[in-house]
Amino acid sequence: TALPICKCDGMGEVEKENDYKDEHFDFIQQHIRKFCLSYGAALAYVSSKTGKNCRLLYKYIVHKLYNFPFRNSASIVERDAIFIPAGWDNEKKTSILYEHMKRINPTDPYDSHIAKPVVKRRPHEQEVQAEEDQFFLMRLQTVAPIAGERRQNTTPVADKSPRAGG
């Protein structure tokens, strides 16, 4: 089992919008890592926009599914490029994050420090209802001229007959 955390390229924006500090991201990370530990899952912060960790996650999944070689180790240095394979993490390693949390208690409820994201919705597009095919064709028949009538009323654009004396 692997848990990809998508859109990690947006962490800077989240940091600015919510005035988050490093300890907030450590708090989020320790909650996610504890969740992964409880299921024995790998963790990967990925971004398709920047391509961060996408190839690594692909290789890891192929390794797990088909037993292909996988030589990458855990990466926990960059906060937006975390990769922790299943079985690598433990409570002791996760507790290292607590050292950076001065104002936040790691046992606090998640919602007490991390605000729910605001969903930015686009203006609702008006739904277009398609009419039944037969009604459309009957309406089209009354509006459009019949092909045979149109051919009789048109004059040829170019005369394709051979020219005399050429």
With rounding to the nearest 0.5 Å, note down the distance linking [atom1] in [X] to [atom2] in [Y].
| X | Y | atom1 | atom2 | value |
| --- | --- | --- | --- | --- |
| L137 | E132 | CG | CD | 11.0 Å |
| F135 | L140 | CZ | CG | 15.0 Å |
| E91 | I96 | CD | CD1 | 12.0 Å |
| S95 | K34 | OG | NZ | 9.0 Å |
| D80 | T50 | CG | OG1 | 7.5 Å |
| I84 | T94 | CD1 | OG1 | 7.0 Å |

Can you tell if the side chain of [X] reaches within under 4.5 Å of the side chain of [Y], non-hydrogen atoms only?
| X | Y | value |
| --- | --- | --- |
| Y45 | Q29 | yes |
| V46 | F83 | no |
| E15 | F25 | yes |
| K93 | W88 | yes |

Scan H24, E23, E17 and name whichever one has a side-chain contact (heavy atoms from CB on, under 4.5 Å) with Y20. H24

Look at the side-chain heavy atoms of Ile, Leu, Val, Met, Phe, Trp and Tyr, link any pair under 4.5 Å apart, and say whether [X] and [Y] land in one connected group.
| X | Y | result |
| --- | --- | --- |
| I76 | I32 | yes |
| Y39 | I28 | yes |
| Y110 | F35 | yes |
| F70 | L65 | no |
| M11 | I114 | yes |

Would you check if the side chain of H63 reaches a backbone N or O of F68 as a donor-acceptor pair within less than 3.5 Å? yes

Short side-chain to backbone donor-acceptor contact, K102 and E99, under 3.5 Å: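 Yes, K102 side chain to E99 backbone: donor-acceptor pair under 3.5 Å.
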
Please lay out, stage by stage, how D26 and Y98 fare under the test side-chain contact (heavy atoms from CB on, under 4.5 Å). CA-CA 8 Å; D26 288 342; Y98 304 160; over 6 Å; no

According to the interplanar angle, ranging from 0 to 90°, do the rings of F27 and H31 count as parallel (below 30°), tilted (30 to 60°) or perpendicular (above 60°)?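 Perpendicular.
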
Looking just at side-chain N and O atoms, do D22 and H100 make a donor-acceptor pair shorter than 3.5 Å? no

Which heavy atom of A42 sits nearest to which heavy atom of C36, and what is that distance? O-SG, 3.9 Å

On a heavy-atom basis, which atom in K52 and which in A81 lie closest, and how many Å separate them? CD-CB, 3.6 Å

Counting only heavy atoms from other residues, nucleotides and ligands, does the tally under 6.0 Å from CG of N90 exceed 12? yes

Does CD in E131 sit with more than 12 non-hydrogen atoms of other residues, nucleotides or ligands closer than 6.0 Å?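 Counting other residues, nucleotides and ligands, CD of E131 exceeds 12 neighbours.
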
Show your working on side-chain contact (heavy atoms from CB on, under 4.5 Å) between L43 and I5 and close with a plain yes or no. CA-CA 8 Å; L43 172 64; I5 304 298; 3.6 Å; yes

